[in-house]
Enquirer: 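This is the structure I have questions about; it appears just below.
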Amino acid sequence: QVQVVNSGGGLVQVGGSLRLSCTASGFTSSSFAMGWFRQAPGKDREFVAGITEGGGSTRYADSVKGRFRIFRDNAWNTKNLQMNDLKPADTAVYYCVFNAKGDYYFSDGASNYWGQGTHVTVSS
């Protein structure tokens, strides 16, 4: 049973920084991907960032490019999302996702496992 646990988040002022972490366990695949989606109140869930297992490939939503960075932690099954220069539009619940096939587009829902979500609030 794959388990995905994300941590971090909280309240920050405009221009501030936060870091989210995500740890996956209970899987046997040697090739996987992880990433984050977010959902703001009244809006659909949207892709934020994704990374392959070894960190060799990353991708970002246009809205966060240059401000967010996804990277591998020292622990091989943990990935971090460093969020800088935060804006009120970044306020949302952030969900970590694990893909058991290494697909960092997370296109196959059946292979995706989700964390519980964590709140990020950017105040002006």
Side-chain angles (χ1 to χ4, degrees):
Q1 181 76 15
V2 177
Q3 291 187 320
V4 181
V5 178
N6 50 256
S7 60
L11 174 65
V12 66
Q13 292 186 329
V14 169
S17 298
L18 286 173
R19 178 177 292 187
L20 307 181
S21 293
C22 182
T23 299
S25 61
F27 61 94
T28 58
S29 173
S30 61
S31 177
F32 61 88
M34 295 175 72
W36 272 269
F37 283 65
R38 67 186 181 187
Q39 188 167 19
K43 295 188 176 181
D44 293 333
R45 188 175 297 191
E46 64 175 3
F47 169 79
V48 176
I51 187 169
T52 52
E53 182 275 332
S57 296
T58 59
R59 56 185 290 262
Y60 298 90
D62 288 344
S63 59
V64 307
K65 281 180 182 177
R67 300 188 298 121
F68 290 14
R69 183 173 72 96
I70 188 169
F71 61 99
R72 181 181 178 180
D73 194 84
N74 288 334
W76 64 277
N77 60 337
T78 297
K79 303 295 183 283
N80 300 310
L81 182 69
Q82 178 66 38
M83 305 184 293
N84 298 326
D85 189 22
L86 284 161
K87 307 176 186 299
D90 296 316
T91 295
V93 178
Y94 284 69
Y95 296 91
C96 179
V97 59
F98 170 90
N99 182 275
K101 295 185 177 180
D103 174 16
Y104 70 139
Y105 284 80
F106 309 101
S107 56
D108 178 12
S111 300
N112 293 333
Y113 298 84
W114 296 89
Q116 76 277 19
T118 186
H119 288 266
V120 172
T121 303
V122 184
S123 66
S124 56

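Starting from 1, each residue takes its place in the sequence as its number. Note that these values count all heavy atoms, side chains included, but never hydrogens, waters or copies made by symmetry.
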Enquirer: Before you tell me yes or no, could you show the steps for Leu81 and Val48 under side chain to side chain contact (heavy atoms under 4.5 Å, CB included), namely the whole-Å CA-CA distance, both residues' side-chain angles and the distance that decides it to 0.1 Å?
Expert: CA-CA 10 Å; Leu81 182 69; Val48 176; 4.3 Å; yes

Enquirer: Could you walk me through whether Lys79 and Asp73 pass salt bridge (Lys or Arg N to Asp or Glu O under 4.0 Å), step by step?
Expert: CA-CA 5 Å; Lys79 303 295 183 283; Asp73 194 84; over 6 Å; no

Enquirer: Is any side-chain heavy atom of Tyr113 closer than 4.5 Å to one of Val97?
Expert: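 SC-SC contact between Val97 and Tyr113 ruled out.
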
Enquirer: Does Asp103 reach the side chain of Ser111, with side-chain heavy atoms less than 4.5 Å apart?
Expert: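 Not touching, per the 4.5 Å side-chain cut-off.
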
Enquirer: Take Ser123 and Leu11, measure what side chain to side chain contact (heavy atoms under 4.5 Å, CB included) needs, and give me the verdict at the end.
Expert: CA-CA 7 Å; Ser123 66; Leu11 174 65; 4.1 Å; yes

Enquirer: Could you tell me which non-hydrogen atom of Arg38 sits nearest to which non-hydrogen atom of Asp90, and how far apart they are?
Expert: NH1-OD1, 2.9 Å

Enquirer: Between Arg59 and Phe47, is NZ or CZ placed under 6.0 angstrom from the six-membered ring centre and within 45° of the ring axis?
Expert: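 Flagged: Arg59 positioned over aromatic ring of Phe47.
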
Enquirer: Under 6.0 Å between ring centres: does that hold for Phe27 and Trp76?
Expert: yes

Enquirer: Go through the side-chain N and O atoms of Thr78 and Thr23 and say whether any donor and acceptor fall under 3.5 Å apart.
Expert: yes

Enquirer: Is the shortest side-chain heavy-atom distance between Trp114 and Cys96 below 4.5 Å?
Expert: no

Enquirer: Going by heavy atoms in the side chains, are Leu20 and Asn6 under 4.5 Å from each other?
Expert: no

Enquirer: Does the side chain of Ser31 come within less than 4.5 Å of Glu53's, by heavy atoms?
Expert: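 Result no, sub-4.5 Å side-chain heavy-atom pair not found.
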
Enquirer: Might you point out which heavy atoms bring Gln116 and Val4 nearest each other, and give the distance in Å?
Expert: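 Looking at all heavy atoms of both residues, the closest pair is OE1-O, 3.8 Å.
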
Enquirer: When you compare the side chain of Phe106 with that of Phe37, does any pair of heavy atoms fall below 4.5 Å?
Expert: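 Side chain of Phe37 against side chain of Phe106, heavy atoms only: contact under 4.5 Å found.
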
Enquirer: More than 12 foreign heavy atoms under 6.0 Å from CD of Gln13: is that the case here?
Expert: no

Enquirer: Mind running side chain to side chain donor-acceptor pair (under 3.5 Å) on Gln82 and Asn84 for me, showing each step along the way?
Expert: CA-CA 6 Å; Gln82 178 66 38; Asn84 298 326; 2.9 Å; yes

Enquirer: Is the charged tip of Arg45 near the ring of Tyr95: under 6.0 Å from the six-membered ring centre and within 45° of its axis?
Expert: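 Ring-cation test returns yes.
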
Enquirer: When you look at Val2 and Phe98, which way does the side chain to side chain contact (heavy atoms under 4.5 Å, CB included) test go after all the steps?
Expert: CA-CA 9 Å; Val2 177; Phe98 170 90; 3.9 Å; yes

Enquirer: Mind checking whether Phe68 and Tyr94 have parallel, tilted or perpendicular rings, split at 30° and 60°?
Expert: tilted

Enquirer: Which pair of non-hydrogen atoms, one from Ser21 and one from Asn80, has the smallest distance, and what is that distance?
Expert: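 The answer is OG-OD1, 2.6 Å.
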
Enquirer: Are Val14 and Pro88 side-chain neighbours, meaning at least one heavy-atom pair lies under 4.5 Å?
Expert: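 They are in side-chain contact.
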
Enquirer: Can you name the closest pair of heavy atoms from Leu86 and Arg67 and give their distance?
Expert: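 Heavy-atom minimum between the residues: CA-NH1, 3.9 Å.
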
Enquirer: Flag yes if Val12 and Val93 sit in one hydrophobic cluster, no otherwise; membership is Ile, Leu, Val, Met, Phe, Trp, Tyr, and two members link when side-chain heavy atoms are under 4.5 Å apart.
Expert: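 No, no single cluster joins them.
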
